[in-house]
Amino acid sequence: MSNKLPPAFLDNMKKMLGASFDGFLYSYTKPAKRGLRFREKQSDTDRKPVPWSDNSYYADPDENLGQSPLHEAGAYYLQEPSAMAAPSALYPKKNEKVLDLCAAPGGKSVALAQYMDNTGFLLANEIVPKRAKILSENIERMGITNCVVSNASPEMLAKKFPSFFDKILVDAPCSGEGMFRRSPETALQWNEDSPALCAARQKNILSDAAEMLAPGGIMCYSTCTFNQEENEGVIESFLNKHQDFTLMPFELNGLPKAKNGMLRLFPHEMEGEGHFICLLKKRGTPKHIDIPTKEKNFKAQDDFVSQIAFAPKINALFKGSYVNCPVDIRLFDGIPILRAGLHILQDGKTYRPEHALALACKAKQQYPLNLDEAVKFISGETIPCEKKVTGWLTPTYQGFQLGFGKASQGQIKNHYPKALRKTLRP
């Protein structure tokens with residue numbers, strides 16, 4: 001692998017690392033580290049824990065975890081271990097207002113929502129439409145209920161949400177040097193100009209984020225690259241222009257203390273691909289601002305849902321879907337959004353439960369499937385069942401709900417979304 005790394009990149013790393021460069025280079029002869037974050041707390045597992053991230057563990061590089069029905073049911077999220085450190089450093093609390101500004105594909109948003117215990121308000125934003133779609137799908141798959149997914153520029157959001165968020169994560173788009181071992185094609189896209197071009201964009205994104213942070217709030221800046229230009233250089237430039245921000249020391253279990261508010265992770269010094277993490281605190285006294293909500297009466301729809309699942313009350317209609325939005329949906333007038341909290345019920349001549357409801361809320365009627373049946377259900381097939389079983393239900397695999405089906409005359413008609421159907425090979 002090391003002979004495929006860009007020569008200019010290697011020169012930069014040699015200057016930066018000095019005596020430890022050989023160890024860094026040797027790490028590229030080893031397989032990339034893999035991890036997973038479970039949705040539910042694990043009381044008994046043989047996996048080695050990722051010490052700096054709650055409920056996260058290392059995964060064997062050869063495990064076929066992405067092909068399991070459990071993955072499709074949102075039992076876990078696959079993520080590179082060092083990337084788990086940024087949300088752990090920010091560590092939002094219940095009922096806070098949190099922004100993940102560059103959120104796709106969604107692993108960090110999932111962690112933030114879990115730390116928040118699905119309370120408060122999480123805005124997960126991605127400016128690239130295709131990546132925003134993937135982000136929205138992952139938020140749905142992991143059963144996240146307190147999240148709005150937007151597809152807006154940082155500038156657009158800054159105008160809409162001045163001094164609004166308690167905590168903000170800026171996992172900035174970068175030159176991706178920390179991905180070279182895991183995704184060798186990334187190295188082919190890198191050139192000597194990449195760091196400077198990325199740094200210019202990162203500075204603009206960080207400035208927009210600063211406008212949205214409330215007084216006394218905390219912001220986490222992170223990248224998956226190694227060079228100083230995109231890391232310390234960006235932070236130095238930001239602090240020179242934003243005198244109301246200071247570096248905030250932090251400490252994560254199993255990692256060196258970030259005494260000056262900045263932490264570098266290298267693949268030869270820890271079990272992960274590498275990351276840069278910085279915490280910044282905005283001066284000022286925090287002021288509690290209630291999350292604006294708008295209650296509406298959707299009694300008929302709530303009555304229908306109450307027959308099939310234990311779900312929160314519907315409070316808005318969004319693009320043909322009845323939803324429970326964590327904030328007043330009018331807050332997003334003029335902002336393109338893909339997901340408005342928990343999507344509960346499809347509007348139409350007849351009501352149909354949304355796929356998101358099955359992944360987030362316990363159904364009142366479940367029907368366990370074996371592995372073969374679960375694979376068939378996810379591919380869109382009709383599943384046989386006992387004739388006494390009727391009505392809306394959720395087929396389950398190992399206790400995790402897979403989606404909705406409707407049972408009649410010994411068959412479960414498949415309502416798994418056609419766009420998500422796939423042939424798994426566990």
Side-chain angles (χ1 to χ4, degrees), residues 39-40 66-76 133-134 136-145 298-314 316-324 338-426:
R39 181 198 293 204
E40 299 179 356
Q67 292 292 309
S68 169
L70 291 175
H71 178 267
E72 302 309 304
Y76 50 79
K133 184 176 181 293
I134 294 170
S136 181
E137 290 173 353
N138 280 326
I139 291 296
E140 176 180 80
R141 181 174 64 84
M142 294 303 296
I144 305 303
T145 61
F298 294 94
K299 186 178 186 305
Q301 294 83 4
D302 284 331
D303 287 346
F304 177 86
V305 174
S306 68
Q307 299 174 43
I308 59 177
F310 297 93
K313 296 291 185 181
I314 293 167
L317 178 61
F318 170 71
K319 294 183 178 179
S321 179
Y322 292 100
V323 303
N324 177 269
L338 286 71
R339 180 165 300 278
L342 175 61
H343 290 209
I344 296 175
L345 195 65
Q346 296 175 21
D347 192 20
K349 292 183 179 179
T350 59
Y351 295 138
R352 290 186 179 185
E354 289 276 12
H355 185 58
L357 180 64
L359 299 179
C361 300
K362 185 179 180 181
K364 294 194 172 180
Q365 186 174 202
Q366 299 178 334
Y367 196 85
L369 304 181
N370 59 33
L371 177 59
D372 182 60
E373 291 170 330
V375 169
K376 288 179 178 178
F377 180 77
I378 290 169
S379 72
E381 292 188 31
T382 297
I383 305 296
C385 66
E386 300 174 21
K387 288 189 176 181
K388 65 180 181 180
V389 178
T390 60
W392 289 104
L393 53 76
T394 57
T396 64
Y397 177 66
Q398 294 187 13
F400 286 90
Q401 298 180 170
L402 300 174
F404 276 109
K406 195 171 187 181
S408 177
Q409 298 179 340
Q411 299 286 328
I412 300 175
K413 183 180 179 181
N414 199 314
H415 284 264
Y416 203 88
K418 291 182 179 179
L420 298 179
R421 292 176 183 179
K422 60 183 69 174
T423 301
L424 298 177
R425 292 178 174 83

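- Identified under the side-chain hydrogen bond (donor to acceptor under 3.5 Å, both in side chains) test for residues 338-347, with sequence neighbours left out: Ser136-Arg339, Glu140-Arg339, Tyr322-Asp347.
- Using a 4.5 Å cut-off on side-chain heavy atoms (C-beta onward), Gln365 and Val389 make contact.
- Residue pairs meeting the side-chain hydrogen bond (donor to acceptor under 3.5 Å, both in side chains) criterion with at least one partner in residues 411-424, sequence neighbours excluded, are Glu72-Lys422.
- The two residues Cys385 and Ala407 have their closest heavy-atom pair at SG-CB, 4.0 Å.
- Of all non-hydrogen atoms in Leu369 and Tyr397, the two that sit nearest each other are O-CD1, 3.6 Å.
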- Task: Go through the steps to decide whether Ile344 and Asn324 satisfy the test side-chain contact (heavy atoms from CB on, under 4.5 Å), and finish with yes or no.
- Result: CA-CA 7 Å; Ile344 296 175; Asn324 177 269; 3.9 Å; yes
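- For the pair Arg141 (side chain) and His71 (backbone), a donor-acceptor distance under 3.5 Å is present.
- The structure places CD1 of Ile139 at 12.5 Å from CG of Leu359, a figure rounded to the nearest 0.5 Å.
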- Message: For Gln67 and Leu424: C-alpha separation, side-chain torsions, deciding distance, then whether side-chain contact (heavy atoms from CB on, under 4.5 Å) applies.
- Response: CA-CA 5 Å; Gln67 292 292 309; Leu424 298 177; 4.0 Å; yes
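- Annotation: Lys362, atom NZ; neighbour count of heavy atoms from other residues, nucleotides and ligands within 6.0 Å does not exceed 12.
- Pro353 is listed as a side-chain neighbour of Ile308, based on a closest heavy-atom distance under 4.5 Å.
- Residues Glu354 and Ser321 have side chains in contact (heavy-atom distance under 4.5 Å, counting atoms from C-beta outward).
- Leu371 CG to Lys376 NZ: the interatomic distance, rounded to the nearest 0.5 Å, is 11.0 Å.
- Rounded to the nearest 0.5 angstrom, Leu357 CG and Thr145 OG1 are separated by 11.0 Å.
- Between Gly405 and Ile412, the shortest heavy-atom contact is CA-CG2, 3.8 Å.
- With rounding to the nearest 0.5 Å, the separation of CZ in Phe377 from OG1 in Thr396 is 10.5 Å.
- Without hydrogens or angle criteria, Tyr367 side chain to Glu386 main chain gives a donor-acceptor distance under 3.5 Å.
- Residue Lys364 places its NZ atom among more than 12 non-hydrogen atoms of other residues, nucleotides or ligands, all under 6.0 Å distant.
- Here the straight-line distance linking atom CG of Leu338 with atom CD1 of Ile134 works out to 11.5 Å at 0.5 Å rounding.
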- Task: Evaluate side-chain contact (heavy atoms from CB on, under 4.5 Å) for Cys361 paired with Val305, printing each intermediate quantity in order.
- Result: CA-CA 11 Å; Cys361 300; Val305 174; over 6 Å; no
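- Rounding to the nearest 0.5 Å places NZ of Lys387 at 11.0 Å from OG of Ser408.
- The two atoms that bring His355 and Leu420 nearest to each other are CD2-CD1, 3.7 Å, heavy atoms only.
- Looking at Arg352 and Trp392, their side chains come closer than 4.5 Å, going by heavy atoms from C-beta outward.
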